[in-house]
Visitor: 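Please see the structure below; I have some questions.
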Amino acid sequence: MSEKDASTTTAPGKSMDAIVALCRRRGFIFQSSEIYGGINGFWDYGPLGVELKRNLKEAWWHDIVRCPADGPDGKPLDMVGLDCTIIMNPKVWVASGHVGGFNDPMVENEKTKKRYRADQIYGLYKRYRSEDSIELQLKELIDLAHDKTLQPPYGPNLTCTAGSASEAFGYFQGALQKTPYKITRIDVTESSFESVSSDGRPVIGLVLPVPMFLLETSIACVPSPDNHDDLMWLLKQYENNRGQFSDTSKGFDLSEPRQFNLMFQTNVGAVQNDASAAYLRPETAQGIFANFRNVVDTSRVKVPFGIAQVGKAFRNEVTPRNFTFRSREFEQMEIEFFIRPESAKEWYAYWRDSRFAWWQSIGLAGENLILREHDKDELAHYAKEGAGTSDVEYRFPFTAPGYGELEGVAHRTDFDLRQHAEHSGYGDKLKYFDQEKNERYFPHVIEPSAGADRGTLAVLCEAYTPDDSRASKVYMKFHPRMAPIKAAVFPLVNKDGMPEVAHTLYKTLREKYAVQTDAKQSIGKRYARMDEAGTPYCFTIDGQTLEDQTVTVRHRDTQAQERINVDKVPAFLAEHIGA
RNA sequence: GCGGGCGUAACUCAAUUGGUAGAGUGUCAGCCUUCCAAGCUGAAUGUUGAGGGUUCGAGUCCCUUCGCCCGCUCCA
C-alpha cells in the first residue's frame, strides 16, 4: 500500500460499510461459517458473488491462456495452463525460501508488546543483563561495529531520493542530526542506482557499517566504529530508555527470537509427526516452477513462453482485515513467463503495462487504479537484482487516499528454477535447452501475480454507485463482462400472454448468457432489484410486443429505454456484452 | 499479537431502575397493476453472536469466548 496522491480522495458516498452491507444483502459475499460466529479471514461467495468472481477468472483465463495478446515482438504469446495441488512435497517450500525466509524470526518487547523482526534489530535482541558491565557491552558494540559481515539488512540501509550524492548527503545529515554521529560514507550501490523513483530521480542509499539500533523512541542510532564517545552515547541512550525496554532486571527486555509461521501446516496421512508435516501452499507459483520440466517436455513450448495457473493459496495472516482484501484463504491468478535473461527489461515492461491495461479493460478504468513501481528497498528476496517490480494498485474505500495491491509484476530472475535445481538434485537437467542456439540455461521469469478475491472486491467497489434518484438508491455499475447477470426478461404484467413470450425469450437467452426472468410484483421493483445486482439490460415484454414483436430494452446506467425487435435481442446482447 | 469501540429479524433501528423482544424496510403468497421499490389482504423469520455466572426474573449486570470496525504490529 502506498500513501501517494493524497490530494485526491475516493468518490463520495462509497462507504465500505455500505458496500459490505450490499454484498451481504444481495448475496455477493458472506462470512464463512457465519451461523457458528464466523471465522476470521475466511469468506464465502454467494449466488451473485460466485458469478462475478467466475467472470473475473474466466476473463483472465481467456485473455491470458486461450486468446493472449501479441507480445512485444509482435507474435502471439505462447501460453499454457496448469493446475497444481495445494499440498506439495514440503521440500518445495524449503527450496522456495518459504520455510525460513517466510518465517521471519521475531522478537517481542515483553513490556510494550511491540514486535520487531529479529534481523532488523540485530544486537539489540541480545539480552544484556543488568549485571553485565558497561565495559562488556561496549566491547560487544565495538565488535559489532567492526564486523564487516554485517551487511544490510543487518546494517542500516537508509535510502533517499536525490539527484546527486551531495544532495543525498544533506538529507542524511538532517536525518542524523539528533545523534552525535557523522556520516562516514555514502554508498550509491549499483542496486540503488537501478531503482528510480516515480519522479525519475535515482534512489541513493546510505549504507552504514554497523547495525542500526532501534530505540523505543524510534531514533536510529549509528555509532561510528572507531569513536569511543559515540558508543558511550549510544549506551547512555540505552540506559535512559531502559525503563521502556525492560523491568530493570533483565537488561533490554526483548524476548528470544520466535518463529511466526505464516504457512498453514497440516499432516499427510493418519500419523501426525514431523515426517508427515506438510503445508498448504502460500502461493501457486511454486507449483509452476516444480512442473517446469514437465511442461517443457510435453507441450512444445519455446522460450519465451508462459505458464498460467488459477488456484487457492493460504497464508496464516497475523491480522486479516478489510473484508476480503486480506484473507487467509484466497485465490491467485498467476503467470510465470519464462524468458532469455537478456530480454528481462523488455518483457518486464511489457507485462507491467499490459497487466495494468487489462485491469482497466474490465472496468477499473478510472483514477482509482494506478501502476506503481517499487522502490528498491521494498523488493522481495528473489527480486533484488531484477529488472524491477511494480504493483497494480486500487484505491479501495478502506485504503483511500492510499492504495491496495491487486497484482504484482516482478522479475524473479532465475532464482526459483535454480533453487529447485539445487534442492531437487535435478541440477542442470532443469535447464532449458535452446535448439537454435545450442545453448542450455535457466530462463529468467517475469511473474504477474494477481489476486482474484482482491480483484473481485475492487470490481465491487468500483461498481458501487449511489444514486438517490432511483428506487434502490444505489446501483452496481459493473462492466458488462463482469456483471453476474447479463440481462433480465420481464413481462410488464403477469397476464395477457406476456409471461409466455418472456419465458420463451428467457429460455433462448440462457443457453448463452446468465439471465433471469421474473413476473412477480411491479415492474419498478424488478428494475430496482436488477440495479442492485448490476444487471446491464432488462428486456420487457408489453402489450405492444404482442402486436409488433418489439420489446423494451432498459439500460441500467441511464435508465433509458428503447424498443428493438424480439428477434434482435441475442444480437443486441452479443454486441453489448460480448460472447 | 496489543490497545480502543461495537454485536437485537435479511437490512436500519426500538425495548423505562433488570419485568411478556417490537417497528419500518425487504422477503414470500394472493388480488390488483400496461414501465421504475405504487396499492390492498395475509404470512414467515430471532435460542438478543456463543458459553457460563448473579437473580424469582437478564437484550440490559459480571466473566469467558467468537466475530466486526479503528489504531499499532505484520503483510516473505
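Letters A, B, ... mirror the listed sequences (proteins, then strands); counts begin at 1. Quantities reported herein were computed from a predicted structural model and do not represent experimental measurements. Quick note: numbers below take in every heavy atom, side chains included, and nothing from hydrogens, waters or symmetry partners.
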Visitor: Counting the atoms with a prime plus P, OP1 and OP2 as sugar-phosphate, which does F323(A) contact under 4.0 Å by heavy atoms, base, sugar-phosphate, or nothing?
Guide: sugar-phosphate
Visitor: Send over the distance from D542(A) CG to U34(B) P, rounded to a whole Å.
Guide: 12 Å
Visitor: In whole angstrom, give the distance that lies between atom CZ of F42(A) and atom P of C68(B).
Guide: 11 Å
Visitor: For nucleotides C69(B) and U16(B), find the distance between their P atoms and express it as a whole number of Å.
Guide: 30 Å
Visitor: Between D548(A) and T550(A), do the side chains contain a donor N or O and an acceptor N or O under 3.5 Å apart?
Guide: yes
Visitor: Would you state whether a donor and an acceptor, one from the side chain of R321(A) and one from the base of C69(B), lie under 3.5 Å apart?
Guide: no
Visitor: Write down the distance separating the P atoms in G7(B) and C13(B), rounded off to the nearest Å.
Guide: 10 Å
Visitor: Would you mind pulling out the nucleotide paired to A44(B), Watson-Crick or G-U wobble, both distances under 3.5 Å?
Guide: none
Visitor: Quantified in whole Å, what is the P atom distance between nucleotide G18(B) and nucleotide G57(B)?
Guide: 16 Å
Visitor: Atom CG of L22(A) and atom P of U12(B): how far apart are they, to the nearest Å?
Guide: 12 Å
Visitor: Tell which nucleotide pairs with A58(B), taking only Watson-Crick or G-U wobble pairs whose two distances are both under 3.5 angstrom.
Guide: none
Visitor: Hydrogens and angles aside, do Y348(A) and S390(A) bring a side-chain donor and acceptor to less than 3.5 Å of each other?
Guide: yes
Visitor: Under 6.0 Å between the ring centres of H444(A) and F338(A)?
Guide: no
Visitor: Between Y394(A) and F396(A), is the ring centre distance below 6.0 Å?
Guide: yes
Visitor: For a quick check under 3.5 Å, do R529(A) and Q521(A) share a side-chain donor-acceptor pair by atom type?
Guide: yes
Visitor: Grab the CD1-P distance between I19(A) and C69(B) for me, whole Å please.
Guide: 13 Å
Visitor: Report the distance from atom OH of Y36(A) to atom C1' of U47(B), rounded to the nearest whole Å.
Guide: 14 Å
Visitor: Is it the case that R556(A) places NZ or CZ above or below the six-membered ring of Y475(A), under 6.0 angstrom from the centre and within 45 degrees of the axis?
Guide: no
Visitor: Measuring only the P atom in each nucleotide, how far is U65(B) from G22(B)? A whole number of Å is fine.
Guide: 33 Å
Visitor: What about Y527(A): does its side chain form a donor-acceptor pair under 3.5 Å with the base of C35(B)?
Guide: yes
Visitor: Pick base, sugar-phosphate or nothing for M16(A), based on heavy-atom distances below 4.0 Å to the nucleic acid.
Guide: nothing
Visitor: Using heavy atoms to find the nearest nucleotide of RNA chain B for D496(A) and D17(A) separately, return the residue whose nucleotide is more 5′.
Guide: D496(A)
Visitor: Both distances below 3.5 Å, Watson-Crick or wobble geometry, any strand: find the nucleotide opposite C2(B).
Guide: G71(B)
Visitor: Got a sec: does the NZ of K473(A) have more than 12 other heavy atoms crowding it under 6.0 Å?
Guide: yes
Visitor: Could you give the CZ-to-C1' distance, from R526(A) to U34(B), as a whole number of Å?
Guide: 11 Å
Visitor: Ring centres under 6.0 Å, that's the criterion: do F398(A) and F323(A) meet it?
Guide: no
Visitor: Please give the distance between the P atoms of C62(B) and G4(B) as a whole number of Å.
Guide: 15 Å
Visitor: Report yes or no: does D496(A) contribute a side-chain atom to a donor-acceptor pair with the main-chain N or O of M498(A) at less than 3.5 Å?
Guide: no
Visitor: Any chance the side chains of D453(A) and T456(A) put a donor and an acceptor closer than 3.5 Å?
Guide: no
Visitor: With P as the reference atom in both, quote the distance from C6(B) to G49(B) in angstrom, rounded to an integer.
Guide: 14 Å
Visitor: 5'-most contact on RNA chain B: R24(A) or T540(A), nearest heavy atom basis?
Guide: R24(A)
Visitor: Nearest-Å distance, CD (Q31(A)) to P (A10(B))?
Guide: 14 Å
Visitor: Whole-Å distance between C36(B) P and Q559(A) CD?
Guide: 10 Å
Visitor: Within the pair S522(A) and A38(B), is there a side-chain N or O less than 4.0 Å away from OP1 or OP2?
Guide: yes
Visitor: Could you identify the nucleotide paired to U64(B), looking across every strand shown and requiring Watson-Crick or G-U wobble geometry with both distances under 3.5 Å?
Guide: A50(B)
Visitor: Of all the nucleotides listed (C35(B), U33(B), G67(B)), which has the minimum atom distance to the side chain of R563(A)?
Guide: C35(B)
Visitor: Identify each atom pair where a protein N or O and an N or O of nucleotides 23-32 of chain B are less than 3.5 Å apart, giving names and distance.
Guide:
| unit_1 | atom_1 | unit_2 | atom_2 | d |
| --- | --- | --- | --- | --- |
| U27(B) | OP1 | R529(A) | NH1 | 2.3 |
| U27(B) | OP2 | K525(A) | NZ | 3.2 |
| G30(B) | OP2 | K520(A) | NZ | 2.5 |

Visitor: Using the C1' atom in both, what is the distance from A38(B) to A58(B), to the nearest Å?
Guide: 44 Å
Visitor: Check every atom of A76(B), C36(B), C35(B) against the side chain of R315(A) and return the nucleotide holding the closest atom.
Guide: A76(B)
Visitor: Just checking D531(A): base, sugar-phosphate only, or nothing, at a heavy-atom cut-off of under 4.0 Å?
Guide: nothing
Visitor: Look through every strand shown and name the nucleotide pairing with U34(B) as Watson-Crick or G-U wobble, where both distances are under 3.5 Å.
Guide: none
Visitor: Rounded to whole angstrom, note down the P distance from G67(B) over to A50(B).
Guide: 15 Å
Visitor: Base, sugar-phosphate, or nothing: which does G543(A) touch, judged by heavy atoms less than 4.0 Å apart?
Guide: base
